[in-house]
Amino acid sequence: MSIKPNSKIYALVDCNSFYASCERVFRPDLRGKPIAVLSNNDGCIVARSSELKELGIPMGVPAFKYEEQILKAGGVLFSSNYELYADLSNRVMNVLEQFTPELEVYSIDEAFLSLTGFKDRDLDEIGHEIVKTVFQWTGIPVSVGIGGTKTLAKLANHISKKYKKFNGVFSIYRHPKVDTVLDFVGVDKIWGIGSQYSRFLTQNGINTAKDLRDADSQWIRKYMTVVGSRTALELKGISCMDLDMVSEPKKGIVSSRSFGKQVSDYTELEEAVSTYMTRASEKLRYQKSIASYVTVFLGTNRFKSTPQYSNSMTTKLHEPSAYTPELIRTALRLLQAIYRTGFKYKKAGVMLGGIMNQYQVAPDAFEPAYVDDRRSTVMNTVDQVNERLGRDTLYYASCGKQQEWSMKREKLSPKYTTSWKDILTVK
DNA sequence: TCTGGGGTCCTAGGACCC
DNA sequence: TCTGGGGTCCTAGGACCC
């Protein structure tokens, strides 16, 4: 095989402790203090500021176990404030776009950039310029990793965060000591190698990124499928994954949540399922899709020793739809089929599958089932009202009004940037 | 009292068809 | 004793990501 020299350059820009940093943007008094951001229902710790990491508090642990320790250390806990994080994420991405339009928003706090056009410039310098500009314009600290493939850019980003001396920027692109660098990185830190594969690899004497890069390719293919082969190639500098600059419509849409309390009452479950389906179908219409399958699931609290039950059921719709009342009706029918009395439920959810473009359907191509329907006009109107006047200005009766099952968010910060009511005032 | 939510891709195996 | 074979579609499950 002849290997073409790879001429691309990728940067991975990753926000440092993103959720915690968002909370700090509007609370300068929290500089230097440990911050924990909690999952839904204030359950687990899902984001940690560096100060909190230094306290030795791990990721994903139940918050109640550590709350006291955090408060004692002068730290603060926050409920997740997704409205705030999504808005600040958009601002960060807009700044990154100033550097290059060739950008893939990879997650709420990460983006891949093509730096191929900056080949003749000092890449480290570009990296530092990105760090400085994003912080100045948004208040969010970021780290930049640069490499000839996405996997190497990710790896470089890991190094930029781990070693303070790099000041948040590390480039492995044409690095003179690339072998030494790769030998510093454990396999479990490689993008695409999770806990299962990393255990398997170390059992087989492959401990570092360098080991994996140099491992036998047939062997990798056999035990780690084509996904593992791609990762190994990317470590060699052969790019197998290009930027995805346009976001593809989702193939499945899930809306599920744990309840703020245990729920036995069937009506409350109906409210929850109706509400989740309202959310899911909003997402569905937002991407101009219709769904063919509806799934509903529910379950008890698996951390308790009380009687356990969980179940799910899927049905195919008569014809694909994005009409919320119809989707709710279907979901409630499924709920009725899987509901059993006598259990305390903790979680329920809905899934939409068999998703296709709203125009692509149709038994009769000249008469799209959903699009020309009066129902689509109704949905558009509802969506527009809710967008302008706030979510659930118009809602469905089956969602209920009290929503006593809904999630706990006791430590919520204000929506500084997306709600007039919460806007910051300077006294 | 208190343990997240939402996605992707790949593979193996069964059903079905000719 | 002998019991096709190849293609396609679907689903479940397992791995991964943030």
Side-chain angles (χ1 to χ4, degrees), chain A residues 12-19 36-48 57-68 77-82 85-86 89 104-112 150-151 154 157-158 187-201 220-231 240-241 244 247-262 276 279-280 282-284 287 292-293 295 297 299-306 312 314 316 344 346-355 407-411:
Chain A
L12 178 73
V13 181
D14 189 320
C15 301
N16 303 341
S17 314
F18 181 56
Y19 295 173
V37 179
L38 311 179
S39 63
N40 290 333
N41 287 313
D42 297 341
C44 301
I45 295 177
V46 294
R48 304 167 297 159
I57 293 172
M59 184 74 168
V61 292
F64 71 91
K65 285 189 184 170
Y66 292 92
E67 180 160 10
E68 205 186 322
L77 298 93
F78 287 102
S79 303
S80 286
N81 186 344
Y82 286 106
Y85 310 151
S89 172
E104 172 187 344
V105 177
Y106 178 67
S107 74
I108 194 164
D109 70 335
E110 277 174 77
F112 285 103
K150 282 178 156 184
T151 303
K154 268 273 196 185
N157 186 276
H158 168 74
V187 276
D188 59 317
K189 301 296 186 302
I190 301 169
W191 189 41
I193 307 297
S195 59
Q196 299 299 311
Y197 281 140
S198 84
R199 182 151 39 93
F200 171 75
L201 288 169
I220 294 176
R221 174 64 185 85
K222 183 170 173 200
Y223 292 106
M224 301 172 66
T225 82
V226 296
V227 183
S229 308
R230 272 203 290 264
T231 299
C240 306
M241 295 177 267
D244 290 321
S247 59
E248 295 292 314
K250 305 258 183 281
K251 295 170 182 171
I253 291 174
V254 180
S255 176
S256 81
R257 230 148 298 261
S258 298
F259 306 131
K261 59 163 199 170
Q262 311 211 69
Y276 301 154
R279 293 287 94 79
E282 281 166 0
K283 291 186 209 167
L284 184 69
Q287 63 169 31
S292 324
Y293 296 93
T295 302
F297 55 91
T300 50
N301 189 342
R302 64 183 198 280
F303 294 103
K304 293 221 163 177
S305 51
T306 48
S312 76
T314 302
K316 186 171 185 181
K344 292 178 167 154
K346 182 62 180 168
K347 182 175 182 169
V350 305
M351 282 191 276
L352 296 173
I355 287 175
M407 66 181 177
K408 203 168 85 178
R409 284 168 110 189
E410 287 174 354
K411 306 168 192 299

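Note that the coordinates shown come from a computational prediction; the quantities given were computed from them, not determined experimentally. Every chain is numbered from 1 and lettered A, B, ... according to where its sequence line falls, protein lines coming before strand lines.
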Practice problem: Dot-bracket for DNA chain B, please, read 5' to 3', with Watson-Crick or G-U wobble pairs under 3.5 Å on both distances, ( ) within the strand, [ ] crossing, | other strand, . unpaired. | Solution: ....||||||||||||||
Sub-3.5 Å pairs of nitrogen or oxygen atoms, protein against nucleotides 10-14 of chain C:
none

Quiz item: Which residues satisfy the ring-ring contact (aromatic ring centres under 6.0 Å, His included) test with A:Y19, sequence neighbours excluded?
Solution: A:Y82, A:Y85
Quiz item: Of all the nucleotides listed (C:dC16, B:dT3, B:dG4), which has the minimum atom distance to the side chain of A:N40?
Solution: B:dG4
Exercise. Tell me what A:V61 touches on the nucleic acid: a base, only sugar-phosphate, or nothing, going by heavy atoms under 4.0 Å.
Key: nothing
Self-check item: Integer-rounded Å distance: C:dC18 P and A:N157 CG
Solution: 10 Å
Practice problem: Using side chain to side chain contact (heavy atoms under 4.5 Å, CB included) as the criterion, point out the one residue from A:L38, A:N40, A:N41 that pairs with A:K408. | Solution: A:N41
Quiz prompt | NZ (A:K261) with more than 12 external heavy atoms under 6.0 Å | solution = yes
Exercise. Would you indicate what A:D42 reaches in the nucleic acid, counting non-hydrogen atoms under 4.0 angstrom: base, sugar-phosphate, or nothing?
Key: nothing
Quiz item: Does A:F18 have any ring-ring contact (aromatic ring centres under 6.0 Å, His included) partners at least two apart in sequence or in another chain, and if so, which?
Solution: none
Practice problem: Taking only the side-chain heavy atoms of A:E110 (C-beta and beyond), determine which of C:dC18, B:dG4, B:dC2 contains the nearest atom. | Solution: C:dC18
Quiz item: Do the side-chain N or O atoms of A:K304 get closer than 4.0 angstrom to the phosphate oxygens (OP1, OP2) of B:dT1?
Solution: no
Quiz item: Taking atom P of B:dG4 as reference, at what distance in whole Å does atom CE of A:M407 sit?
Solution: 13 Å
Quiz item: With a 4.0 Å cut-off on heavy atoms, is A:R230 in touch with a base, just the backbone sugar-phosphate, or nothing at all?
Solution: sugar-phosphate
Self-check item: Polar side-chain atom of A:S292 near backbone of A:G354 as donor-acceptor pair, under 3.5 Å
Solution: yes
Practice problem: Just compare C:dA15, B:dT3, C:dC18 and give me whichever is closest to any side-chain atom of A:K154. | Solution: C:dC18
Self-check item: Length of the OH-P vector between A:Y66 and B:dT3, whole Å
Solution: 16 Å
Quiz item: Quick one: ring-ring contact (aromatic ring centres under 6.0 Å, His included) partners of A:Y293, sequence neighbours excluded?
Solution: none
Exercise. Return no unless some side-chain N or O of A:K347 is found under 4.0 Å from OP1 or OP2 of B:dG5.
Key: yes
Quiz item: Rounded to the nearest 0.5 Å, how far does CZ of A:F303 lie from NZ of A:K346?
Solution: 10.5 Å
Exercise. Could you check whether A:I193 gets within reach of a base, just the sugar-phosphate, or nothing at all, counting any heavy atom under 4.0 Å?
Key: sugar-phosphate
Exercise. Determine the contact category for A:I190: base if any of its heavy atoms lies under 4.0 Å from a base atom, sugar-phosphate if only primed atoms, P, OP1 or OP2 are that close, otherwise nothing.
Key: sugar-phosphate
Practice problem: Take the protein atom CG of A:L201 and the nucleotide atom P of C:dA15, then report the distance between them rounded to whole Å. | Solution: 13 Å
Exercise. Could you tell me whether A:R221 contacts a base, only the sugar-phosphate backbone, or nothing, with contacts defined as non-hydrogen atoms closer than 4.0 Å?
Key: sugar-phosphate
Quiz item: C:dA15 C1' sits how many Å from A:W191 CH2, rounded?
Solution: 15 Å
Practice problem: Go through residues 248-258 of chain A and report each residue with a non-hydrogen atom lying under 4.0 Å from DNA chain B, sorted by number. | Solution: A:K250, A:K251, A:G252, A:I253, A:V254, A:S255, A:S256, A:R257, A:S258
